[in-house]
Amino acid sequence: MADLKERLLPPKPASAINLRDSSYRPSASGRQPFQGVDVPGLKKRGQGLRSWIRVDSSGNSQIIEVDKFTMMRRCDLPARDLRLLDPLFVYPSTILGREKAIVANLEQIRCIITADEVLLLNSLDSYVLQYVVELQRRLTTRGVGDVWQSEGAELNRRRSRNFDSVFGNTSPDYLPFEFRALEVALESACTFLDSQAAELEIEAYPLLDELTSKISTLNLERVRRLKSRLVALTRRVQKVRDEIEQLMDDDGDMAEMFLTEKKCRMESSFYGDQSLMGFRSNDGGTSISAPVSPVSSPPADSRKLEKSLSIARSRHESMKSTESATENIEELEMLLEAYFVVIDSTLNKLTSLKEYIDDTEDFINIQLDNVRNQLIQFELLLTTATFVVAIFGVVAGIFGMNFAIPLFDDAGAFKWVLLITGVTGVVVFCAFIRFFKYRRLMQL
């Protein structure tokens, strides 16, 4: 990985070095040109050059520096598609099938896939480097079926595979270059999201169990941050899942992604046009496929023969392309379905974690409601006791009036007043408690 990182570091352009050296040379007027300006940065911004990692169909990688307009012409893409790959902007995961390329924005993997190469924005991110390494490994190693075949069977298989690739027919166990690159991108994105979901699970369950045993402000704040991360990750996983599902439901979008077949079809039509031009330019008016007669055919017969051959070839090519398109769409659908299951499993993990968080919140709310009810009951007891004590205050206020009564002359009257008032307060308090218990306002 370290060797690949050093090899993928963009080299310093020689033009920028020459410009920087020349910027310090005095001009004819004796003034320093571009004084106080970073010339290499200005040069790079002026041209809009960006460093790309290019991986061809043979597994070879190299660093190229291409500006935006050259990339648009090279891959036949509009500017809005290239904007999806800009790391300065945050766009949701997207897979777009265009005429000559597939634009894939899957988490850290932002690439352009053509029939012959994969172009990634040069980055030292570990997931980008892992994508390059894995793609090179799959392009340079043989499949499992090739290992178990003998040499003669392997040679025949390679010949048949080359024959099929020329005429646009791929065998069921063979995927073209663009689908292998797309498969590695999907695998990298699904692995990245699944690893983040696993890390979130490892962190979440102990924290939630701790929160149920001890409700504190610190634990609640940690759970709040955890839930925010969970919602953001669920949104990203849901977007990747919806994108794969949308591709699986639309056969037209899947048909647009067969870049190798479209390229072979264009080449075969080009060669067919050249053969027709050769047929027309034949001096004798005959072709190789036409029967040779000692008498030259008239021009009308040659045109009729040419027309019939063209119609027959077009019908044959249309039938062949229809059958191959149906078969290829099924292969791509099975490929997308496999990663749809993987990303759906990750989404189920996050959904289960969200349900566990919701259950924990419900449990905490129940605990808080229970504590709140206990506090209300305690407050009700205190209010009842305060009312009973207030009876003593009323009696004391009555006897504290400034008037004379015979009860003040009796020495034991204070004890009787205190006893009668206390018994009355206890009876009133017990009556309130019995009433609360009868109405189920208090669990005693």
Side-chain angles (χ1 to χ4, degrees), residues 1-2 4-5 8 53 84-95 104-111 120-135 137-138 181-245 335-365:
M1 185 70 70
L4 181 63
K5 188 179 293 187
L8 293 180
I53 302 175
L84 293 174
L85 308 178
D86 197 340
L88 299 178
F89 298 97
V90 179
Y91 289 100
S93 298
T94 309
I95 302 175
N105 178 16
L106 297 171
E107 295 300 321
Q108 278 80 6
I109 307 302
R110 300 186 178 190
C111 60
L120 299 95
L121 282 173
N122 192 6
S123 174
L124 296 181
D125 191 0
S126 61
Y127 284 94
V128 176
L129 299 179
Q130 288 177 6
Y131 173 80
V132 175
V133 172
E134 181 64 19
L135 181 60
R137 187 187 66 81
R138 296 194 182 186
L182 181 61
E183 181 182 7
V184 178
L186 287 171
E187 181 179 350
S188 178
C190 293
T191 304
F192 173 70
L193 293 174
D194 189 71
S195 63
Q196 283 200 341
E199 291 177 1
L200 202 61
E201 279 184 336
I202 295 174
E203 183 181 355
Y205 287 113
L207 179 59
L208 294 173
D209 294 338
E210 182 182 357
L211 181 62
T212 54
S213 61
K214 181 182 179 181
I215 302 175
S216 62
T217 306
L218 178 61
N219 289 337
L220 288 174
E221 178 65 21
R222 291 169 64 186
V223 171
R224 185 191 67 81
R225 294 177 182 177
L226 180 70
K227 191 172 182 180
S228 301
R229 290 168 53 193
L230 175 64
V231 171
L233 183 59
T234 304
R235 191 181 297 115
R236 289 158 54 191
V237 172
Q238 184 69 41
K239 179 59 181 174
V240 175
R241 181 184 179 275
D242 293 342
E243 194 68 23
I244 297 176
E245 186 178 10
L335 173 65
L336 294 175
E337 186 177 0
Y339 290 98
F340 177 80
V341 173
V342 175
I343 200 68
D344 190 63
S345 175
T346 305
L347 184 61
N348 290 334
K349 287 182 184 179
L350 297 176
T351 304
S352 301
L353 181 58
K354 186 178 183 301
E355 291 177 355
Y356 192 81
I357 292 177
D358 293 338
D359 294 340
T360 305
E361 289 180 349
D362 295 338
F363 179 73
I364 291 173
N365 290 330

S.K.: Here's a test for you: under side-chain contact (heavy atoms from CB on, under 4.5 Å), which of D344, T346, V342 qualifies with R241?
M.R.: D344

S.K.: Side-chain contact test, heavy atoms from C-beta onward, threshold under 4.5 Å: evaluate it for E107 versus Y127 and give yes or no.
M.R.: no

S.K.: Please name the pair of heavy atoms, one in L106 and one in A189, separated by the smallest distance, quoted to 0.1 Å.
M.R.: CB-CB, 3.8 Å

S.K.: Between V223 and T360, is any pair of side-chain heavy atoms under 4.5 Å apart?
M.R.: no

S.K.: Would you name the heavy atoms of S93 and K239 that are closest together and state the gap between them?
M.R.: O-CE, 3.1 Å

S.K.: Quick one: pull up CD in E361 and NZ in K354 and give me the separation to the nearest 0.5 Å.
M.R.: 8.0 Å

S.K.: Is S195 reaching over with its side chain to a backbone N or O of T191, donor-acceptor style, under 3.5 angstrom?
M.R.: yes

S.K.: What residues, two or more places apart in sequence or in another chain, satisfy ring-ring contact (aromatic ring centres under 6.0 Å, His included) together with F363?
M.R.: none

S.K.: With rounding to the nearest 0.5 Å, note down the distance linking SG in C190 to CD1 in I244.
M.R.: 5.0 Å

S.K.: State, with a plain yes or no, whether a side-chain heavy atom of L347 is found less than 4.5 Å away from one of Q238.
M.R.: yes

S.K.: Please round to the nearest 0.5 Å and tell me the distance separating atom CG of L226 and atom CG of L200.
M.R.: 5.0 Å

S.K.: Please report the shortest heavy-atom distance between I202 and P206, naming the atom on each side.
M.R.: O-CD, 3.1 Å

S.K.: Which pair of heavy atoms, one from E245 and one from F340, lies closest together, and at what distance?
M.R.: CB-CE1, 3.9 Å

S.K.: Would you say L230 and T234 make side-chain contact, with heavy atoms under 4.5 Å?
M.R.: yes

S.K.: Supply the atom-to-atom distance L193 CG to L350 CG, rounded to the nearest 0.5 angstrom.
M.R.: 8.5 Å

S.K.: Give a yes or no on whether a salt bridge exists between E134 and R138, defined as a side-chain N under 4.0 angstrom from a carboxylate O.
M.R.: yes

S.K.: Pairs in or reaching into residues 189-198: which pass salt bridge (charged side-chain N to carboxylate O under 4.0 Å, His left out), with residues at least two apart or in two chains?
M.R.: D194-K349

S.K.: Is there a side-chain contact between L353 and Y205, using heavy atoms and a 4.5 Å cut-off?
M.R.: yes

S.K.: Using a 4.5 Å cut-off on heavy atoms from C-beta on, say whether the side chain of F192 contacts that of R236.
M.R.: yes

S.K.: So which atom in Y131 and which in A181 form the shortest heavy-atom distance, rounded to 0.1 Å?
M.R.: OH-O, 3.1 Å

S.K.: Enter the distance from L336:CG to L186:CG here, rounded to the nearest 0.5 Å.
M.R.: 6.5 Å

S.K.: Would you name the heavy atoms of L120 and V128 that are closest together and state the gap between them?
M.R.: CD2-CG1, 4.1 Å

S.K.: Mind checking the CG-CG spacing from L135 to L182? Nearest 0.5 Å is all I need.
M.R.: 11.0 Å

